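Notes to accompany the following structure.
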Amino acid sequence: MARILSIHAHPDDSEILAGGTLALLAKAGHELTIATFTPGDCGSAELSPDEIAAIRRLEAANAAALIAARYLCIEMRDMAVFNDDPSRRRVVSILRRTQPQIVLTAAPSDYHCDHEAASALVRDACFAAPAPNYQTPGEPAAAPLAAIPHLYFMDPVEGRDREGNLVEPDMVVDVTAVFARKREMLAAHASQRAWLKHHHGTDDYLDHMERTTRERGELVGVSYGEGFRHYRVHPYPQTPLLEELLGNDCRPYARRS
Ligand SMILES: [Zn+2]
């Protein structure tokens, strides 16, 4: 069984972009952790940062529990995720605590600055985590990773980069069989319905997720899908480990760009 870390900026990002894939991996018996950089402290127009953060940590833990995953928060703050030295060391701490063979994270180009910073931090933390001389804060320090983990970027939100261009995946995971579970995981983030209506003008975040998951599925002719890009640049592992774990549920996609 593999250890898999899904790490994204905010509570609900992993559920929106990879919840179905995580549910499939959980069904197969793999060990899953969902981590966020922040507890979503800006996700309310009514509650204080500490009040909404407390609610959202619980929502994220409840969503993770639906697939027997654990939830961890790096405890940075919304709109304050930066690609700097102390932040990278904190991400390496999470990697060493969870010892993943596979890491799923944010797309390099996405609509939110925290998503883009998270993506770069995770990419570089994967490189640093096996190096014994790279030190991390906190006690007790966990052991360095045995190797750089297999790294996969999730789709950006709505499948588009910052300029609005479609980001084509390397593969689309058919999540049709677990779509109800994905919807249930996202519904655990109940506080976000009010917030997204207030700030994003999205009337129902569940329907929005359903539409974007359906659009990703259309790329490979399935009802619901989630796209990923495998980061294969030297010296990151190039073997298709996630694809092998997912078997027929993972459909290759020939990028045109
Ligand atoms: Zn986010």
Side-chain angles (χ1 to χ4, degrees), residues 5-22 32-45 47 49 52-64 69 71-83 87 90-91 94 103-123 125 151-164 167 169 182-183 185-213 215-216 226-229:
L5 172 65
S6 180
I7 177 168
H8 210 300
H10 312 115
D12 78 12
D13 287 324
S14 279
E15 288 82 347
I16 291 169
L17 297 163
T21 302
L22 295 173
L32 298 169
T33 303
I34 299 176
T36 63
F37 277 73
T38 86
D41 47 287
C42 285
S44 175
L47 301 174
I52 188 63
I55 289 169
R56 297 194 68 188
R57 282 189 206 96
L58 267 180
E59 291 175 343
N62 290 340
Y71 170 68
L72 298 173
C73 183
I74 302 177
E75 294 296 344
M76 296 181 192
R77 288 298 175 263
D78 283 350
M79 304 295 291
V81 179
F82 295 107
N83 185 6
S87 301
R90 288 166 75 174
V91 179
I94 291 282
V103 174
L104 313 178
T105 195
S109 178
D110 201 346
Y111 85 101
H112 197 297
C113 56
D114 289 347
H115 291 201
E116 296 188 335
S119 183
L121 279 164
V122 171
R123 179 198 64 204
L151 177 62
Y152 293 82
F153 293 125
M154 299 176 203
D155 288 324
V157 172
E158 296 195 339
R160 293 184 181 277
D161 67 17
R162 221 170 232 295
E163 278 70 51
V167 174
K182 172 174 179 165
R183 198 176 162 96
M185 288 169 74
L186 184 57
H189 296 270
S191 68
Q192 292 311 281
R193 182 165 195 176
W195 166 248
L196 292 171
K197 191 170 181 178
H198 171 84
H199 191 262
H200 288 39
T202 304
D203 193 32
D204 190 325
Y205 73 120
L206 293 170
D207 290 344
H208 180 260
M209 177 278 288
E210 182 162 343
R211 179 172 60 76
T212 56
T213 309
E215 284 171 0
R216 253 357 195 193
E226 292 169 349
F228 294 90
R229 282 189 177 194

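Both ligands and their constituent atoms are indexed starting at 1 by order of listing. The model shown is predicted, which means the values in this text are computed figures rather than measured ones.
- Residue contacts to the Zn ion (ligand 1): His8 brings no N, O or S atom closer than 2.8 Å.
- Between His115 and Tyr111, the two ring planes are perpendicular [angle over 60°; tilted spans 30° to 60°].
- In summary, Asp114 places no N/O/S atom under 2.8 Å from the Zn ion (ligand 1), failing the contact criterion.
- For His10, the N, O or S atom closest to the Zn ion (ligand 1) goes by the atom name ND1.
- Considering the Zn ion (ligand 1) as centre, the angle to NE2 of His115 and to OD1 of Asp13 is 100° (10° rounding).
- Judged purely by atom type and a 3.5 angstrom limit, Asp13 has no side-chain atom pairing as donor or acceptor with the backbone of His8.
- Of all heavy-atom pairs spanning Ala61 and Tyr71, the tightest one is CA-CB, 3.8 Å.
- The structure places OG1 of Thr105 at 6.0 Å from CE of Met154, a figure rounded to the nearest 0.5 Å.
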